[in-house]
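Here is the structure we will look at.
Naming convention: chains lettered A, B, ... in sequence-line order (proteins, then strands); numbering from 1 in each chain. Everything quoted here is computed from the prediction, not taken from an experiment.
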Amino acid sequence: MSEAVSRPSLPPGVRRGVWSVVVVLLLFDGLAFLAGEAPRVALLKALEGTWGTMYGLGQVIYKATPLLLTGLGFRVALRAGLFNIGVEGQLLLGSFAAGVVASRLPSSTPWPLGVLMSLGAAGVGGAGLGAVAGAMKVKFGAHEVIVTLLLNRIVEALVPYVLRRGVGVTGYRSGDAISGALLPRLEQLSEVFRGSAASLATVLALVVCLLVLRWERSSVTGREFGWVGLGAGVCEAQGIPGGRRLWQAMALSGGRAGLGASATVLGYKGYYELGLGAGAGFGGIAVAMLGQGSAVGLVGAALLLGTLQQAGLVLNASLPREAMDVLTAAVLVAASAGRGRR
Amino acid sequence: MEARGVTCRFGDKVAVHKASVRLFPGQIHALVGENGAGKSTLLKAMAGAVVPTEGEVWIRGQRLDPATPAEAIRRGVGMVYQHFALVPSFTGMENLMLGVEPVGLLGWLRPSVTRARAEEIAAMTRLRVHLDVPAASLSVGEQQRLEILRVLVRGASLLLLDEPTAVLTPGEAQGLYELLRRIAKQGAAVAVVTHHLEDVSRYADQVTVLRGGEQVFQGAVSEVTTAELSLRALGEIPAVKRPTAVGGEAPELLVVVGLQAEGLDVKELRVRRGEMVGIAGVDGNGQEALVEALAGLRPARGSQRLGGCELAGAPPSARRAAGLEVVHGDRHRFALLAGATIHDNLVLGDLGPDEEAKVVRRMAVSGLIPADPSLQAGTLSGGNQQKLVMARALDRAPRMLVAAYPTRGIDAAAAAQIQQRLVAAAEGGAGVLLISGDWSELRTIAHRLLVMRKGRVVAELPPDVREQELGRVMLEGS
């Protein structure tokens with residue numbers, strides 16, 4: 001099988017994509033078999049519940065949206081040579097900030113303004129957390145993996161506490177967002193998406209994706225990020241502020257991850273509740289690794305993981321919920337293994 | 001050892017074309033040619049580090065198969081690379097032991113075994129290296145000596161050295177060749193890639209000349225003169241003249257007073273406009289500290305004024321803005337991103353709207369081979385990497401240029417070109433501080449020489465000082 005997919009005629013990105021799907025399918029069959037299901041039946045059921053109906057597709061898109069944003073977030077740090085494992089916490093803080101701001105704005109705030117302010121809060125929340133880790137790295141030489149990992153834990157503990165201390169309407173959720181801060185669902189634009197959770201946030205994420213990739217290639221700062229990742233000392237000596245670029249990359253990374261709140265808080269629920277969007281941060285790492293810096297790759301990777309998550313819900317009755325988590329983790333491991341050939 | 005009809009191709013580029021080299025025990029075989037001629041590639045093919053597209057490598061009558069570095073090492077090949085393969089945080093001793101750790105009972109590490117062997121070799125060969133400090137804290141020259149020592153400690157009998165003398169002072173280089181001669185006498189075969197054609201005539205037995213990947217000459221050194229070798233390898237080399245002398249009325253450009261940093265204590269250093277000041281000294285006597293302090297990469301006390309503007313404490317970017325340009329001796333630490341393209345490296349640190357024009361211009365003056373800016377800079381030979389770095393630095397039109405070892409590892413023709421451009425910069429009114437280990441370079445183009453020893457400037461000498469006198473001052477102070 002390896003010969004079939006590693007023919008030199010295939011570009012590495014395509015090969016990687018094909019491999020990911022093959023790995024996922026094989027593991028899926030294995031898991032279904034272990035759970036006592038006929039693999040073929042389970043697979044068809046999963047496909048029908050995801051890509052088979054417009055509703056299912058809408059759900060896949062909904063799940064893929066924050067993954068794409070966190071993936072973009074992880075990527076910017078990775079290019080600068082940093083492993084921002086804190087995207088999960090940055091997404092959490094961004095979501096929380098978006099929920100609080102969206103619910104506390106004056107109810108008369110007009111539509112685009114409310115959305116922009118809430119998104120701003122999400123971005124600033126994530127960016128702030130990323131910047132802390134970046135500053136710790138630059139100022140004190142603390143390793144970003146350790147710092148972000150622990151910041152994840154701190155945020156996970158602090159957010160419920162703050163919600164309970166009166167910031168939320170109950171101990172586990174924020175107030176309802178004002179209507180001017182909500183992103184319209186796709187079902188409002190087209191009948192075919194009826195009932196699905198997909199919203200304009202997906203369009204936003206796609207636009208961000210294209211802009212980000214373009215920015216990386218053609219802006220001074222974007223290109224310097226990549227150079228700093230290849231040699232911070234060389235950059236410093238050649239007059240590029242290496243240290244500043246490093247923490248900027250972390251802040252930007254966190255900010256993009258925070259924007260993942262657009263799909264969940266502003267596009268779907270209309271408020272923040274504990275656990276909303278959880279896991280999309282770590283999923284984003286896989287998206288960035290699989291996507292390898294092409295828009296098609298990143299969107300494809302986000303859709304693949306989104307499909308897995310939705311399939312998990314569809315097969316809820318027959319397969320344990322954790323089965324899809326196992327699959328997601330396996331994809332992440334496989335994707336990480338290819339990192340050396342960036 | 002024998003390389004038979006070795007051809008190495010990288011993509012469309014042919015680095016070496018049908019080269020055949022035979023190494024005999026007891027002989028030193030020199031590989032010469034201009035930068036990018038394929039010398040290093042041929043050497044790497046012999047060490048198993050590059051798999052030839054065509055041709056074979058034979059060692060003691062057996063084909064090198066598989067053609068890997070591990071197999072080559074197993075068969076007694078010891079390669080000293082141009083770029084050091086040392087673990088920076090390990091001490092010299094630990095680097096020596098790495099991979100060949102002497103162990104005793106229960107796998108207990110016995111450093112004393114390696115140390116005894118290292119000290120024996122060091123004593124025999126007069127190779128001086130600090131073995132008990134991290135490799136990162138050693139100067140470039142010391143790191144290279146450590147590399148050579150490592151291969152010797154491993155008992156290699158086929159020694160391949162890629163420009164081993166590039167970072168050594170003339171005295172040390174002589175010591176090294178004498179050492180290689182002794183090793184050869186004991187039955188080893190030695191191959192050396194070098195740019196110093198005089199060294200070839202003086203120390204080698206056989207010589208192979210490569211030009212553009214083609215083998216243009218091979219034979220006994222006794223059959224050719226240095227001048228003939230030079231002509232075959234490089235063509236005509238233009239003579240470089242010292243820049244016009246500057247009078248006392250020329251304004252002072254760089255004024256450094258009381259500069260103190262780790263490993264550095266310079267009371268005073270002045271460079272006038274249009275002046276070329278040479279810094280001589282045995283490697284590791286504070287030259288790197290001086291360059292890094294002036295570049296703003298090493299915290300330092302004291303005043304550093306450039307044209308009246310105080311630079312102390314300023315970051316590299318501010319110094320660049322003030323007109324200071326620094327070419328570092330350690331390319332991979334400070335000057336070049338091996339993983340980025342030549343294009344990106346040419347504009348590293350000064351991206352701007354005129355990027356394409358800069359790349360075209362710098363590409364043209366650098367004379368890089370191959371001249372394809374989309375290639376990764378890491379694929380260039382060392383000399384070509386240096387040409388890239390120099391082209392970028394000079395194109396920034398600095399008022400003050402600090403150049404550390406600007407022609408190290410570069411063939412004589414390219415070196416002459418770079419020296420010519422340094423001279424032109426000085427004649428254009430820039431101040432140049434030239435740190436070099438190449439005495440003839442210093443004596444040819446500098447207006448005056450400052451000698452550094454143990455972090456201090458211990459003497460000022462005229463450029464026409466006798467070599468013996470210069471060597472004595474470098475070692476003894478004054």
Side-chain angles (χ1 to χ4, degrees), chain A residues 8-9 11-12 75-83 134-135 137-143 213-249 252 288-289 292-294 338-342, chain B residues 88 136 288 291-298 311 314-356 358-359 376-378 385 388-389 392-393 395-396 398 402 404:
Chain A
S9 58
R75 175 177 161 72
V76 64
L78 188 66
R79 275 188 81 232
L82 299 167
F83 207 86
K137 167 107 183 166
V138 176
K139 288 276 169 209
F140 307 111
H143 199 290
L213 292 176
R214 195 181 155 72
W215 174 85
E216 278 178 2
R217 275 198 312 274
S218 44
S219 80
V220 171
T221 315
R223 289 172 66 189
E224 287 182 354
F225 276 169
W227 293 345
V228 167
L230 291 172
V234 170
C235 289
E236 194 75 51
Q238 293 306 314
I240 295 169
R244 200 192 311 160
R245 290 286 175 266
L246 285 182
W247 75 253
Q248 282 172 341
L252 207 55
M289 298 283 204
Q292 296 284 303
S294 85
R339 190 191 171 219
R341 282 174 280 148
R342 179 158 68 135
Chain B
E288 283 173 31
V291 173
E292 285 173 27
L294 289 176
L297 295 170
R298 185 182 288 227
L311 293 181
S317 50
R319 288 167 195 253
R320 160 96 40 85
L324 174 71
E325 182 63 35
V326 180
V327 175
H328 291 270
D330 191 338
R331 274 193 302 274
H332 291 263
R333 239 176 102 200
F334 295 120
L336 193 88
L337 293 174
T341 60
I342 292 172
H343 176 114
D344 283 1
N345 272 290
L346 281 170
V347 291
L348 194 64
D350 43 13
L351 271 181
D354 56 343
E355 179 179 343
E356 288 305 324
K358 268 184 196 152
V359 169
Q376 287 222 327
Q385 293 179 354
L388 188 165
V389 170
R392 181 181 65 201
D395 191 60
R396 286 169 178 160
V402 177

Contact class of Arg320(B) relative to chain A, heavy atoms under 4.5 angstrom: side chain
Any ion pair linking Arg223(A) and Asp344(B) (charged N to carboxylate O, less than 4.0 Å)? yes
Determine yes or no for a side-chain-to-main-chain donor-acceptor pair under 3.5 angstrom, with Lys358(B) supplying the side chain and Asp350(B) the backbone. yes
Indicate whether any N or O donor in one side chain lies under 3.5 Å from an N or O acceptor in the other, for His328(B) and Glu292(B). no
Is chain A contacted by the side chain of Arg392(B), its backbone, both, or neither, given a heavy-atom distance below 4.5 Å? side chain
How about Leu324(B) and Leu311(B): do any of their side-chain heavy atoms sit closer than 4.5 Å? yes
Gln292(A) vs Arg75(A) side-chain heavy atoms within contact, under 4.5 Å: no
Sort Ala340(B) into side chain, backbone, both or neither according to what part of it lies under 4.5 angstrom from a heavy atom of chain A. both
Find the one option among Gly339(B), Gly296(B), Ala335(B) whose heavy-atom pairs under 4.5 Å with chain A are most numerous. Ala335(B)
Leu297(B) versus chain A, the contacting section by heavy-atom distance below 4.5 Å: side chain
